[in-house]
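Read through the structure below, which is laid out as structure tokens, and then see the notes.
Below, chain A is the first sequence line, B the second, and so on; all start at residue 1.
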Amino acid sequence: MPELPEVETTRRGITPHIQDRRITGVVVRQARLRWPVPRQLGQKTTGQKIRSVLRRGKYLLLQLDAGTVILHLGMSGSLRLVPWDTPADKHDHVDIQLDNKRSLRLHDPRRFGAVLWTSREISQHKLFKHLGPEPLTDDFTGAYLHALSRKRKCNVKSLIMNAGIVVGVGNIYACEALFLAGIRPGLAADKLSRPRCEKLVAGIKAVLQQAIAAGGTTLRDFTDGDGKPGYFKQQLQVYDREGQDCHRCGQTIKRVTSANRSTYYCPHCQK
DNA sequence: ACGAAGCCCTGCAAGC
DNA sequence: TGCTTGCAGGGCTTCG
């Protein structure tokens, strides 16, 4: 399930292969993704050069001259570069064909992903207008999080998974960051002290950076291989470890359901 | 304005 | 063994 580190790893992997290439066509085999793939996607993009490949939260942005292709991998999506005539497998929904006889191919079994087009400034787009800061920038600080958490009745895990507060923190890394910070996921957001906010922000940055570093060393070439990472799993401290020993204190990791999401924590290390 | 629940979808695991 | 059921997940959307 692609979270921010996987999306960033994908961005870095595909960029050298697609930047400054011209789009020669688009093939849509399945338009019913998270939102319908726009019918005009092909005519809007064909003939244009990909100027840059950006990321905002978990969205990938292909910057063209006349607008932006917005990509999201949902939870089962992946991108690969293939020779343009490679037969499509099941769930290979969209190809963006390039002038180097290759296609950027979206594979997404669960179809929670998205391919959209906008000719407007990306920050004006509905999906991006209300997003919080990027977690790995200096805009995301303990002071900022502390200020926004005042008078909030939600728990701290929901707080950091709220894209209006900070983007790109999904279920797995929310659990991991809370473990690093020693904070219980169910704690009310407005009970978080300023120093604990500092610690939490540091935890979020650390876990994301770690995962990006791990992805960077594992996924070397996006033009071959099956594109299945799964590289970070061995480093997880609490996620998906219900009933197992805490790596830090040896006590048993617990799982609770919060906001319909599995939440893992160590009752001894997290208060 | 906020927070909680619902929904989209398929693959896989567990249970019968 | 073959079916059915439940669960997982991001995150927008709807409802309260």
Note to self: Is A:His72 close enough to C:dG11 that one of its side-chain N or O atoms is under 4.0 Å from OP1 or OP2 there?
What the structure shows: yes
Check: Of the options A:Arg21, A:Arg22, A:Lys49, which is the one that meets A:Asp99 in a side-chain hydrogen bond (donor to acceptor under 3.5 Å, both in side chains)?
Finding: A:Arg21
Next item on the list: Select one nucleotide: of C:dG10, B:dG11, B:dC2, the one nearest the side-chain heavy atoms of A:Arg152.
Entry: B:dC2
Checklist line | Spacing between A:His91 atom NE2 and B:dC9 atom P, to the nearest angstrom | finding: 13 Å
Check: Within this structure, what is the CG-to-C1' distance between A:Leu33 and B:dC9, rounded to whole angstrom?
Finding: 11 Å
Item checked: Exercise: do A:Asp108 and A:Ser76 side chains pair donor with acceptor under 3.5 Å -> yes
Next item on the list: Answer yes or no: side-chain N or O of A:Arg261 and base N or O of C:dA8 forming a donor-acceptor pair under 3.5 Å.
Entry: no
Item checked: Among C:dT13, B:dC9, B:dT10, the one nearest A:Trp35 by side-chain distance -> C:dT13
Margin query: When you measure from the side-chain N and O atoms of A:Arg34 to the phosphate of C:dG10, is any distance below 4.0 Å, counting only OP1 and OP2?
Written below: no
Check: Rounded to whole angstrom units, what separation is found between the NZ atom of A:Lys126 and the C1' atom of C:dG11?
Finding: 12 Å
Note to self: Taking A:Ile70's backbone N and O only, do any of them form a donor-acceptor pair with A:Thr68's side chain (distance below 3.5 Å, no angle check)?
What the structure shows: no
Next item on the list: Would you indicate, yes or no, if C:dG11 has its OP1 or OP2 atom less than 4.0 angstrom from a side-chain nitrogen or oxygen of A:Lys58?
Entry: yes
Note to self: Between A:Arg80 and A:Asp92, does any NZ, NE, NH1 or NH2 come within less than 4.0 Å of an OD or OE carboxylate oxygen?
What the structure shows: no
Notebook entry, point to check: Of the candidate nucleotides C:dC12, B:dC9, C:dG11, which contains the atom at the shortest distance from the side chain of A:Phe112?
Noted result: B:dC9
